[in-house]
Amino acid sequence: MSISSARKSRHTASLEEEVEYLRERVRQLSRIKASLEKDLDYYQKEVEKLMSPPHIEAVVLEVLDQDRAVVKSTTGPNLIVNIASGIDRDKLRPGTIVALNSRGSTIIEVLPGRTDPMVKAMEVIERPNVTFKDIGGLEKQIEELYEVVVLPLKKPDLFREIGIEPPKGVLLHGPPGTGKTMLAKAVARETNAVFIRVVASEFVNKFIGEGARIVREVFRYARRRAPAIIFIDEIDAIGSRRVELGTSGDREVQRTLLQLLAEIDGFDPLSDVKVIAATNRIDLLDPALLRPGRFDRIIEVPLPDKRGRLEILKILARTARISSDVDLEYIARITEGMSGAELKAVVTEAGYYAIRSNRSIITMDDMLDAVKKVKNRIKARQRLGLTSI
Ligand code: ATP
């Protein structure tokens with residue numbers, strides 16, 4: 001090989017190396033480019049997320065038609081909003097949690113699998129249809145409720161002027177079916193307040209782990225909808241005397257109770273939210289609940305005496321068609337020990353006897369047969385250890 005050709009081939013080899021090196025560099029830089037593009041994409045998306053206005057969470061209250069719904073936004077009032085076209089209408093039910101666009105004008109997403117437990121836990125009645133006139137034999141209780149709940153709601157200034165504080169909470173206690181719920185509803189009606197009922201035992205059985213949150217939300221809801229009466233039924237389920245806090249279930253009940261106490265402690269006695277609780281088992285209640293400033297007014301709602309039973313029967317006779325020869329006084333005498341709910345069951349049974357005999361009016365015989373039947377039913381339930389009818 002001549003000197004010049006040897007040089008040429010060395011030169012060629014080094015050029016090939018150079019080409020290979022540059023190819024490798026191109027491959028490397030392509031990989032770096034792809035990775036940087038990925039980073040760029042990520043950061044661009046993050047910037048978009050940071051810059052985009054937030055969506056608003058809301059709870060559906062009512063679907064009006066194909067295109068519109070009423071929602072309760074977590075930020076404020078009830079809104080009538082549009083439903084975006086991609087939304088599955090079947091998923092929109094009262095209580096469904098949805099996302100609104102940032103202007104709050106349109107439902108843009110159904111948040112998966114969530115119905116607000118607070119909505120499920122509450123029964124809300126705008127204007128209960130019970131008045132004090134529909135309640136028999138509880139004049140004293142009505143008078144007391146009038147003074148400690150109705151008057152402060154209607155005329156708070158009177159209390160401010162005199163400088164006394166009405167109780168924040170009232171506890172109604174007595175056997176089942178004696179009219180406790182009716183009393184609370186009638187108070188709400190009398191004060192034009194919204195009636196909000198929660199059943200405390202459901203916190204323990206149905207909404208496990210949510211009790212404290214529901215209590216907080218219910219009070220928040222009540223404040224927003226004020227004037228409001230919060231009626232807590234079966235309060236003994238969360239308000240029983242503290243036991244050893246052995247299980248997590250006990251601790252959960254305890255947390256729910258503490259939240260309830262905190263809510264009651266936190267509001268002004270002259271605010272327009274009042275709490276009425278009810279129990280059949282006052283003997284079980286934690287004294288912390290009954291301390292001044294909490295449920296410090298305790299009203300007993302006992303089984304009706306004969307006069308009370310007669311009054312309840314007369315009230316029931318206003319809506320049921322009872323023949324004028326039915327001796328309600330006698331029926332009141334032979335129904336000793338029955339609650340209002342049981343008397344209602346007597347009238348209902350009597351109505352069935354009339355229907356079976358093809359009559360459209362209830363006779364004395366129907367009533368007497370019905371009393372016997374209801375008494376037997378009560379006895380059977382007592383044998384099973386059940387209380388109410
Ligand atoms: P529970 O402790 O089981 O919740 P309660 O004391 O709240 O019962 P209510 O639900 O108010 O009882 O009453 C049940 C039904 O019984 C009422 O809808 C009503 O028809 C009748 N009733 C009970 N007490 C009375 C009463 N004093 N006057 C008229 N009706 C009554």
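Every number for a ligand or one of its atoms is a count from 1 in the order of the listing. Worth saying up front: this structure is predicted, and the values here are computed from it rather than measured.
Taking only non-hydrogen atoms, the option from T181, V130, L343, L313 nearest to atom 7 (O) of ligand 1 is T181. Among G136, G174, G137, the residue whose heavy atom lies closest to atom 28 (N) of ligand 1 is G136.
Looking at T363 and D365, their side chains never bring a donor and an acceptor atom within 3.5 Å of each other.
Under 4.0 Å from ligand 1, the heavy atoms of I312 that appear belong solely to its side chain. When non-hydrogen atoms are compared, ligand 1 lies under 4.0 Å from neither the backbone nor the side chain of L183. Heavy atoms from both the backbone and the side chain of M182 come within less than 4.0 Å of ligand 1.
In this structure, F132 and E143 have side chains that are not in contact, with every pair of non-hydrogen atoms separated by 4.5 Å or more. Inter-residue side-chain proximity for L289 and L171 is flagged as unmet; no heavy-atom pair is nearer than 4.5 Å. Proximity of V273 to R223: side-chain heavy atoms (C-beta onward) are separated by under 4.5 Å at one or more points. I264 has its side chain within reach of L260: a pair of non-hydrogen atoms, C-beta onward, lies under 4.5 Å apart.
Below 4.0 Å from some heavy atom of T178 lie the following atoms of ligand 1, by number and element: 5 (P), 6 (O), 12 (O), 23 (C), 24 (N), 27 (N). Those atoms of ligand 1 that come under 4.0 Å of a heavy atom in L138, given as number and element, are 27 (N). Near D233, meaning under 4.0 Å from one of its heavy atoms, ligand 1 places the atoms 4 (O). Listed by number with element, the atoms of ligand 1 under 4.0 angstrom from any heavy atom of I135 are 27 (N), 28 (N).
Residue contacts with ligand 1: P176 is placed with no nitrogen or oxygen under 3.5 Å of a nitrogen or oxygen of the ligand (distance criterion only).
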Can R307 and E311 be said to form a salt bridge (charged side-chain N to carboxylate O under 4.0 Å, His left out), step by step? CA-CA 6 Å; R307 194 188 53 80; E311 267 185 43; 2.7 Å; yes
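Annotation: the span from I229 atom CD1 to R197 atom CZ amounts to 15.0 Å, rounded to 0.5 Å.
More than 12 heavy atoms of other shown residues, nucleotides or ligands fall within 6.0 angstrom of atom NZ in K306.
Under a 4.0 Å heavy-atom criterion, N280 is in contact with ligand 1. Distances shorter than 4.0 angstrom occur between a heavy atom of D134 and an atom of ligand 1. Contact annotation: G177 has at least one heavy atom less than 4.0 Å from an atom of ligand 1.
No donor-acceptor distance shorter than 3.5 angstrom exists from the side chain of N82 to the backbone of A84, with no hydrogens or angles considered.
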